[in-house]
Protein chains: 2
Amino acid sequence: MTSEPPVRKRDATATKALILDAAAVLFAERGFDRTTVRDIAARAGANQALLFRYFGSKEALFEEVVARGGREQLESTPAAALPAAMIRRLLTGDGQSIAVFLRAAHSDRAAAEVRARLGDDYTRVLATLTDAPDAELRAELVLAWVLGLGLVREVAGAEPLRGADPDEVVRLLAPAVRTLLERAE
Amino acid sequence: MTSEPPVRKRDATATKALILDAAAVLFAERGFDRTTVRDIAARAGANQALLFRYFGSKEALFEEVVARGGREQLESTPAAALPAAMIRRLLTGDGQSIAVFLRAAHSDRAAAEVRARLGDDYTRVLATLTDAPDAELRAELVLAWVLGLGLVREVAGAEPLRGADPDEVVRLLAPAVRTLLERAE
DNA sequence: CCACTTTGTAAGCGGTTGCTTACAAGCTAG
DNA sequence: CTAGCTTGTAAGCAACCGCTTACAAAGTGG
């Protein structure tokens with residue numbers, strides 16, 4: 001019997017993008033280990049064999065997701081506004097990039113390298129906010145705070161933070177961050 | 001006390017403890033998903049079937065590890081000294097409890113509950129450090145910072161923090177934490 | 001001593017995983 | 001048209017996973 005054909009257009013770059021997007025969402029939602037290539041392919045509406053043809057491996061796909069997501073914000077935000085922007089992005093939850101970064105905890109060495117390099121980039125930008133001799137250490141402490149925020153919110157889902165107004169959080173954190181960065185000793 | 005039999009070859013409680021210890025180390029090191037029950041049993045020098053006899057499931061074992069590890073420090077440290085103690089424990093790396101807590105990110109709902117409850121306990125204790133009306137939110141921000149510290153150190157392994165002196169880190173963080181907690185508005 | 005329970009072991013089952021292979025179908029050049 | 005490349009698909013492989021089962025050995029009470 002002649003059933004209706006799914007009539008799919010053949011577009012490699014579009015399929016690639018679909019897979020990449022699906023992977024970004026799922027990696028952010030469940031982390032690397034709990035996301036299967038079958039899930040990604042299903043969400044992208046693509047055959048899973050294509051995932052391997054276009055990206056080589058699950059690891060490589062993950063690396064592309066991490067690398068792509070992180071740098072957008074970094075390149076489009078001035079240093080002084082970066083902490084607040086990171087926090088807002090984290091709390092409003094509409095950005096997956098930091099979530100993916102968080103979720104990268106358990107992944108392989110190759111992905112860990114991408115992640116570390118991205119973290120270094122953030123640290124370097126944040127370090128321009130202070131003229132203390134240990135600027136990088138202080139910057140890293142700021143980065144740690146932001147990531148910890150995401151961790152507590154996403155992982156623990158603790159009540160006060162989950163329902164808190166992002167502006168309120170920024171208002172509380174700002175003076176403390178300033179103290180950390182300005183305090184010369 | 002001479003009434004104890006000196007050496008027991010077959011000792012259920014000892015085996016249980018061995019499994020629990022091995023699990024704590026491995027969960028802290030690799031996280032839940034990347035730790036296999038075979039690895040745990042091998043490290044404990046026990047047969048993996050015993051793991052299921054004594055703990056029921058991998059999830060249940062994980063819950064016991066998380067629950068056991070977290071409360072020790074919480075019960076033995078006065079509130080005022082808790083932030084510094086947490087940071088030191090995190091940075092010196094000899095305590096696995098917080099690492100396990102960190103690693104608990106991707107685990108199941110049952111474990112997530114244990115984790116959330118433990119996080120609430122920490123938050124509650126930290127909240128006693130300030131008399132601001134939004135004490136719990138501020139406390140949670142402190143907790144977030146400490147956990148983020150662990151995340152950056154363990155996950156990103158970034159250079160300044162990895163080699164940093166714990167005392168130095170505490171010295172940098174202390175004023176900022178004080179600012180966060182004391183700032184009334 | 002024997003019957004019974006507890007502790008430890010060996011083997012494997014069913015399911016899932018990342019990844020591969022063999023092949024069909026669409027597109028374009030000649 | 002058709003040859004040859006690209007894009008998509010169906011099926012399955014080998015390895016590993018959490019977990020179970022069947023059974024042997026050690027300890028204990030009567």
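- Put simply, NZ on A:K58 is 9 Å from P on C:dT17, counting in whole angstrom units.
- Once rounded to the nearest 0.5 Å, the distance linking CG of B:D120 with CD of B:E136 reads 8.0 Å.
- Listed in residue order, the members of residues 36-44 of chain A having a heavy atom less than 4.0 Å from DNA chain C are A:T36, A:V37, A:R38.
- Defined by atom type and a distance below 3.5 Å, a donor-acceptor pair is missing between the side-chain atoms of A:D121 and A:T123.
- One atom, CG of A:D33, and another, P of D:dC16, lie 16 Å apart when rounded to the nearest Å.
- Clustering ILVMFWY residues whenever any of their side-chain heavy atoms sit less than 4.5 angstrom apart, transitively, puts B:L51 in a cluster other than the one holding B:L18.
- Between the C1' atom of D:dT9 and the CD1 atom of A:I19 lies a distance of 13 Å, rounded to the nearest Å.
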Provide a list of protein-nucleic acid N or O atom pairs under 3.5 angstrom, restricted to nucleotides 2-5 of chain D.
none

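- Taking the nucleotide of DNA chain C with the nearest heavy atom to each of A:T35 and B:T15, the more 5' of the two is matched to B:T15.
- The distance from atom CG of A:L137 to atom CD of B:E168, rounded to the nearest 0.5 Å, is 6.5 Å.
- In this structure, CZ in A:R38 is found 10.5 Å from CG in A:N47, a value given to the nearest 0.5 Å.
- Counting heavy-atom neighbours within 6.0 Å of A:D165 CG, excluding the residue itself, gives a total above 12.
- Considering CZ of B:R34 and CG of A:D33, their distance stands at 4.0 Å, rounded to 0.5 Å.
- Against DNA chain C, the stretch residues 45-52 of chain B makes heavy-atom approaches under 4.0 Å through B:N47, B:Q48, B:A49, B:L50.
- Nearest to the side-chain atoms of B:R53 among the listed nucleotides C:dG8, D:dC19, D:dT7 stands C:dG8.
- In this pair, A:F62 and A:F32 present their aromatic rings perpendicular. The plane angle is above 60°, beyond the 30 to 60° band.
- At C:dC19, none of the side-chain N or O atoms of A:Y54 fall inside 4.0 Å of OP1 or OP2 (strictly under the cut-off).
- Look at A:D39 and A:R30 and you find a salt bridge, because one of the NZ, NE, NH1 or NH2 atoms lies within 4.0 Å of a carboxylate O, short of that distance.
- Rounded to a whole Å, the CZ atom of A:F55 is 13 Å from the P atom of C:dC19.
- Distance check, rounded to the nearest 0.5 Å: CD1 of A:I19 to CD1 of A:I40 gives 8.5 Å.
- Taking atom CZ on A:F27 and atom C1' on C:dG18, their separation rounds to 12 Å, with Å as the unit.
- Remark: C1' of D:dC19 and CZ of B:F62 are 19 Å apart, rounded to the nearest angstrom.
- Atoms CG and CD, from B:L147 and B:E140 in turn, are 10.0 Å apart once rounded to the nearest 0.5 Å.
- In this structure, B:K16 places its NZ atom 9 Å from P of C:dT7, rounding to the nearest Å.
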